[in-house]
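Only one structure is covered here, and it is reproduced in the block below.
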Amino acid sequence: MKEQKPHKTHSFKLKVNGAADYLVTCNKAQTVLSALETNQIFAEMAKRNQKKELVIIRGRRAISTHFPCHLIGEEDLLKFEYINAAVHGQDPVSKAKRKWGKTPPDETVTVNVTTKGDKGIIHKVMNNLSLKSKVDKVCVYGYKGHTIKNVLKIDGRFKSSTLKKDCILSDLDTSENIEMSTLVDVLDGRNFRVVLRGEFAVADSQSSLEEETTPCEPPGSPSDGNKDSPKASTSSEMRNTDRPEEKAKADASTSQARLSYLKIPGSENLLNLLRAQYNDLVEHMKSRGITGSSVIQTLRKDFGKNVETCLYMKTVKKLSKRSDSVCQLRVNDRPIGSGFLLFERYIITNGHVIAKYCDQSSLELRKEITVTFSFESLAENYEAEPVGKVVAFQEFTDVSGYRRDWALLELDHEQKERLGLLKHFDYIPPSGGICIIGYPGEGVKKMDPCYVVPCDPRADVVKNNFSEQCMTVLTGKFLVELSKLKDNKKLLVYETCFYDGTSGSPVFDKDGNVVAMHSGGWYLNKKNTTSFIEYAYPFSLIIEQIVFQLLETSNYDVLKKFLCCFPQNSPQSERMGKNLRHMVQGRNLTNLKDVDNPMIRKDKILQQFVQFICQPEEATSTDIE
């Protein structure tokens, strides 16, 4: 064992019976109780009060009976009192034999903790409630390398509820919050109050601390008042560390603990920001009817399992590559919306994005629209290329009440370096994680992971996003819209921070497939700049509408290019084929019945496709060679 430095002889004063002062001299490493017992008057009083709790007071702070004597200075004056034990019939805490060490003062840390906690835990801090009537604070000691939680546990005067996961320490001078997993190395001399992290307990990533029982002293230290204990303690330590595998395991555990709980330099501002957001999140969840411990379960389930699915590295790599196909539309060098490459040189966006720049009858552009795929940094230049023409367009509400809002645009140049996202489409998921990539506001390209809001809780989410003041001005028309939103299964609904500028952005599922096109959100009135819930149109329905319009307008040239890029022999193609057949047979498209149509007759792909969609409903083959 490492050689210990000789203990320096020192002395301090002891006040007895509130009057006389006695000098106590200490010449060896021991606890303050062992040093006090050398005083005959103190020893006699201790015998008469064996069933009571001993309170040793230094200044206005109570120290523990196992407090190291070398921390008592020559100018210190100690007082002591006896109070009733915390539990009648049980030995008081001061009678418990606590270990102590010969660690020099420069390796010892002391902190002060108030005997009264914050609101809600005022009676839950100390084991003995009578202690708070004697002193305002207790002085707790520990050794460098140990956590504040372990130090409080070894002190013995704190209730177990104080050490639970929902309690933290708040600095009385700076109001800085300290986690229980923080090392005491950086806390020397500071004053704290025990407070709740929030109204609810938070899942503690340092859960292993719950089972931490390592004493706050170096191995092999003697036990208080037991001369035989050093030998026994050393023997025990030798049994634990003599075997190489046990020693390696112990060293690894200690090393891991020290690495895991070190405070990150310069992280205070970020930590405070996250805590402030957490409190707001808890209040929001309370308003949605989620209370008590179910808050943590909801956070673990909804965020940990839903949103995180968009963050697996496999998915991130897919999204990173496919984000190259997401573009920003501009008029007069000002952004008007987002879009993405569908196939070859054709991009898609919302119809309302280009509506005022396009003649909807002739599809001719009134102003030049450009697109850029490379606006990802404000400090870098980006390339823009013009839109050649509008190929197909819809912006209206059909007879069923469904809003059609899309536009297919053709660029002047091929996009061979970029991936058309038509090959990577799928149907909207009922729940789970999704991810939107677009250009919010007038900013650069960004990504927002969020999760689907299923049909049933949609109206509740909308109402809960209002303040009480807003709720008083809700109109009957607005509530009708809420009812429609709840029952509209054709929409993908979610909560995102993407507002203006992101209409036309692709929405990806957890596998990186395009499932919808972000289109907007619901606002209380036109003056609002942020919506209270957002939605997207299913990509599958948009594709069906594009194909049908290409058939209806006999735009076979673009249709052929579309079919060549469309994924074949997949469940998605089979399902879409059936839907298209139903749509075509519900409308009398005379151009498809023209068997002498040269475009269809001369092209095998178009011929097979037209034959398929004109077949009776019982036909099942959807393969297009």
Side-chain angles (χ1 to χ4, degrees), residues 55-68 71 93 98 105 107-202 204-206 209-210 212 216 257 261-276 278-279:
V55 180
I56 305 174
I57 304 173
R58 183 179 68 168
R60 301 184 62 182
R61 301 175 179 87
I63 60 176
S64 62
T65 54
H66 52 92
F67 197 82
L71 297 180
V93 174
R98 301 288 176 180
E107 292 295 322
T108 310
V109 176
T110 61
V111 297
N112 303 308
V113 183
T114 60
T115 54
K116 296 180 181 180
D118 201 5
K119 182 179 180 180
I121 53 173
I122 190 169
H123 299 303
K124 299 180 182 179
V125 176
M126 312 305 298
N127 273 319
N128 196 323
L129 300 182
S130 300
L131 185 60
K132 61 185 177 64
S133 64
K134 298 297 181 181
V135 291
D136 296 330
K137 298 185 184 72
V138 294
C139 183
V140 180
Y141 77 95
Y143 297 103
K144 292 183 178 180
H146 293 276
T147 65
I148 185 65
K149 181 175 185 177
N150 194 29
V151 168
L152 296 181
K153 182 184 293 185
I154 296 301
D155 182 86
R157 292 175 291 178
F158 292 86
K159 290 181 69 70
S160 59
S161 58
T162 306
L163 307 178
K164 286 185 177 180
K165 300 175 184 178
D166 56 345
C167 286
I168 57 176
L169 299 182
S170 177
D171 193 300
L172 295 177
D173 301 317
T174 65
S175 298
E176 181 183 21
N177 291 329
I178 302 297
E179 297 284 349
M180 289 292 185
S181 58
T182 304
L183 296 179
V184 295
D185 306 42
V186 296
L187 306 179
D188 189 30
R190 296 174 67 174
N191 301 298
F192 297 103
R193 180 189 301 276
V194 179
V195 300
L196 288 174
R197 186 195 310 261
E199 184 169 352
F200 307 107
V202 178
D204 192 347
S205 60
Q206 321 294 350
L209 291 177
E210 281 296 321
E212 183 177 316
C216 291
Y261 314 131
L262 286 177
K263 186 177 181 180
I264 302 175
S267 63
E268 290 83 1
N269 292 337
L270 177 59
L271 186 61
N272 291 334
L273 176 62
L274 291 175
R275 283 177 176 148
Y278 169 79
N279 291 331

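For the single chain, residues carry numbers from 1 onward in sequence order.
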Apply side-chain contact (heavy atoms from CB on, under 4.5 Å) to I56 and T65, showing your working. CA-CA 7 Å; I56 305 174; T65 54; 4.2 Å; yes

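- Salt bridge absent: E179 and K149 never bring a charged side-chain N and a carboxylate O closer than 4.0 Å.
- For the side chain to side chain contact (heavy atoms under 4.5 Å, CB included) with V111, the lone residue among L169, V138, L187, I178 that qualifies is L187.
- Annotation for K116 and V125: closest pair C-CG2, 4.1 Å, computed over non-hydrogen atoms.
- Of all the heavy atoms in V55 and A62, the pair that sits closest is CG1-CB, 4.0 Å.
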| message | For a side-chain contact (heavy atoms from CB on, under 4.5 Å) check, start with the C-alpha distance between R61 and N191, then their side-chain angles and the critical distance, and finish with the verdict. | response | CA-CA 11 Å; R61 301 175 179 87; N191 301 298; 3.9 Å; yes

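- Looking at residues two or more places apart in sequence or on another chain, you find a side-chain contact (heavy atoms from CB on, under 4.5 Å) between V184 and V109, I148, V151.
- One finds the CE atom of M126 at 9.0 Å from the OG1 atom of T114 (value rounded to the nearest 0.5 Å).
- Between the side chain of N127 and the backbone N or O of F158 there is at least one donor-acceptor pair closer than 3.5 Å.
- Considering OH of Y141 and NE2 of H66, their distance stands at 5.0 Å, rounded to 0.5 Å.
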*V140 and R157: CA distance, side-chain angles, deciding distance, side-chain contact (heavy atoms from CB on, under 4.5 Å) verdict*: CA-CA 10 Å; V140 180; R157 292 175 291 178; 4.2 Å; yes

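- Residue T147 holds its OG1 atom at 5.0 Å from CG of N150, rounded to the nearest 0.5 Å.
- A distance-only check finds a donor-acceptor pair linking the side chain of T115 to the backbone of V135 [under 3.5 Å].
- Partners of D185 by side-chain hydrogen bond (donor to acceptor under 3.5 Å, both in side chains), not counting sequence neighbours: none found.
- Atoms OG and CG, on S64 and D155 in that order, are 5.0 Å from each other to the nearest 0.5 Å.
- In this structure, the side-chain hydrogen bond (donor to acceptor under 3.5 Å, both in side chains) partners of D136, at least two apart in sequence or on a different chain, are R60.
- Rounded to the nearest 0.5 angstrom, N112 CG and R190 CZ are separated by 12.0 Å.
- Residue R58 holds its CZ atom at 6.0 Å from CD1 of I63, rounded to the nearest 0.5 Å.
- Inter-residue side-chain proximity for V195 and C167 is flagged as unmet; no heavy-atom pair is nearer than 4.5 Å.
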Apply side-chain contact (heavy atoms from CB on, under 4.5 Å) to the pair C139 and F67, showing each step before the final yes or no.
-> CA-CA 9 Å; C139 183; F67 197 82; 4.0 Å; yes

